[in-house]
Amino acid sequence: MEPVIGIDLGTTNSVVATLRENRVEVIPDERGNRLHPSVVGFMPTGEIVIGHAARARRHVDPKNTIYSAKRLIGQSIKNPIVRLAMSTLPYQCEEGPNEQPLIVVRGRKYTVPEVSSYILAHLKRCAERHLGAPVSKAVITVPANFTDSQRQATKYAGELAGLKVLRILNEPTAAALAYGFGRALDAKLAIYDLGGGTFDVTVLQIRDKIFEVLSTGGDTFLGGDDFDRTLVDRLAGEFITRQHVDLRNNPEAWSRLTTACEQIKCKLSQEDAVAGTIHDLATGGGGKPLQLDFEVTRGEFEQLIAPYIDRSMQACQEVLVAAGMSSEALSDLILVGGSTRTPLVRRRVAEYFGRAPQTRINPDETVAYGAALQSAALVAGGLDPAKFYSLLLDVCPRGLGIAVAGGYNETIVERNTPVPVERIRNFTTSKDFQTEVQIQVSQGEARQFTDNERLGVLALHGLPSRPRGETVIEVTFTIDGDGILNVKARDKLTNQETRATMKVIGAPEREGEGGPPPNDLLPSPM
Amino acid sequence: MSERVRAAIQQFVDRAYAALDQTDYYRVLGVSSAATEREIRDAYYKLAARLHPDIHGDDAEPVFRGRLTTVFSRVVEAYKVLSDRRKRADYDVGLAQGMLRMTAGLKIRPRAEEAITDSNARKFYLLAQKSMADGDGRSALMNLRIAMSSEPDNPVLREAVARAEGMVKGGGGRGS
């Protein structure tokens, strides 16, 4: 049987794994590295390098070395948080169709899914080399609170890399699958997942091989990169005071400083203070090379990052309330993501949940491990008890609503509803002989429509021309196992299918790919 | 893979699909109207292990898969309502009047907590609800006092305090 793989497509690093002979193997690159930097380097020769080879180019050629693409994938470039993230990236972005950010490298424009597809194709090649067989199916993980368009864009990146994406899997859920593998459990778990750029927290119940997610929440813009940035801001501020040079205008220096701060952060996990010098960081008056001397104590660092950790604790409380549970009812606490190595994070999380975290888990690899398990489970099915690996009952992390009269939002699917879920709503025409209805769709459950994040516009086309109110269109909203919305519409009078298109903001446009565009599920009217 | 199991599930799904609009949530889950929370969860897990689309692999036939999704989605809907005390009570009222489903966002009447505007107060109100459901009136009162500190005049909170106090008096903090 053809091997299937699980991929943790991270902001900073990615991991790929597979289940072979009932054991999970983490797949190395040709040099034996198990952690693959999520970096794509565009060389002057036109060659594209990925992973470790690309990371080495980050401060040699910052404008043409793309990292943290996950922070941009499936996002609207109009989103203020995206704009903030972009302001710290040394490479150039511009607005593309459907509000998508485009990355401009050496005069060519790339969509974010294209850039991510290079990373995925690299992981696919690593797997094929390691397994000595072609690989065409994968499970790819995303943060639990990724939006519809972020999921669509990630799935599309997988397809561009030549992979059939069996499932877009939530990262904390993947960690739970890894935790529960091969053990008979009746347990309630909390998973605190702080990665490079995103934060998730999930509460879930495991009984035997059934994994039921009770609630999930988090913050798509919170992670270790923010910790780095607080250090960068501090050291760059000191540099202005001492050397009167603003590094913000110097992408190469900024990129070197960012890398240095990432290392300082990691060292501060072991040491109480880190001091050193960055040589030749910039040039001063008369071409004089300038260096940056620094000393950072752990206490200072903890003060800088405390507000970010506070934000994550708030999400933990919301998730416990949504699960209708107190922390005492939990049987275990799992920490995932490289940023949970930070001592202050560990301390605060342990304090909040009132227990020490599980330590037998490798925070870098556990998500890919769970993805590999889920890929095996999906291919095997589960009707045959011998092949029943696990059944995952996951939820949609966000509500789904539509705009109704008065500027209100009507919830169609509540957040934390198990997927797949199907909901039916009827819509009617309000004007005589109206042949098209447009419905604004949101992700969120706030009363005012505009308080929610926009998802996009659902359009019902080619409606029969009748007096107002006579046409009733029944729309079926389905959130599938990937957490992606699909729509289908039917004229109640004639019982015929009607064309419905869902245009999702920030999602990739897939025209000319041979397949149907996303969410344009009906091949043709009638 | 046992073909017999597959055929039996297929038959079950076809029948459930055809009867979906005449089936109440208890029958969807195959439990009695007096079922406990644990029995409801067990029934859900058992059905999920048969009807979840993932169990049928990535090569299931599309029409069957569509029906499976519809039927499983209804199982989930039934589970979400019946496993939530308040929603279940609302549902029972509707069911007595012949309403088999809770549509419109699974709400028959607006939920009480929506009358609480402060988000912190709402959180503690929900925690208090949970404590009361567990028969712990004392914890409920504590949570409600925190909630009242942000919205002292909220009638929903006042009413809940009265209920929690009744609980504490009636059974020394435990029992109803």
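Labels below follow one simple rule: chain letters A, B, ... track the order of the sequence lines, proteins then strands, and each chain is numbered from 1.
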Contact summary for [X] and [Y], nearest pair of heavy atoms:
X	Y	answer
Glu422(A)	Ser73(B)	N-OG, 2.7 Å
Leu392(A)	His52(B)	O-NE2, 3.6 Å
Pro420(A)	Thr69(B)	CB-CG2, 4.0 Å

Distance (rounded to the nearest 0.5 Å) between Ile210(A) CD1 and Tyr44(B) OH:
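If I round to the nearest 0.5 Å, the distance is 9.0 Å.
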CG of Leu320(A) to CG of Leu126(B): how many Å apart, nearest 0.5 Å?
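Interatomic distance, Leu320(A) CG to Leu126(B) CG, rounded to 0.5 Å: 13.0 Å.
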Heavy-atom check, side chain of Arg207(A) versus side chain of Asp42(B), under 4.5 Å
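In short, these two side chains touch, coming nearer than 4.5 Å.
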If you count the non-hydrogen atoms of other residues, nucleotides and ligands that lie under 6.0 Å from CD in Gln448(A), is the total more than 12?
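Yes, the 6.0 Å shell around CD holds more than 12 heavy atoms from other groups.
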Looking at Arg41(B) and Glu212(A), is there a salt bridge between them, counting it only when a charged N and a carboxylate O are closer than 4.0 Å?
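The answer is yes: the pair qualifies as a salt bridge.
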Under a 4.5 Å cutoff for heavy-atom pairs, which residue among Pro418(A), Ala322(A), Gly481(A) has the most contacts with chain B?
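Looking at each option in turn, the highest pair count goes to Pro418(A).
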Heavy-atom cut-off 4.5 Å, strictly under: side chain, backbone, both or neither for Asn416(A) against chain B?
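Just the backbone, heavy atoms under 4.5 Å.
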What part of Val413(A) lies closer than 4.5 angstrom to a heavy atom of chain B: side chain, backbone, both or neither?
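No part of it gets close to chain B.
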Measure distances from Tyr45(B) to the heavy atoms of chain A and classify the residue's part below 4.5 Å as side chain, backbone, both or neither.
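Answer is both: backbone and side chain atoms of Tyr45(B) are under 4.5 Å from chain A.
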Please assess Arg122(B) against Val321(A) for the test side-chain contact (heavy atoms from CB on, under 4.5 Å), listing each intermediate value before the final yes or no.
CA-CA 10 Å; Arg122(B) 201 181 310 139; Val321(A) 170; over 6 Å; no
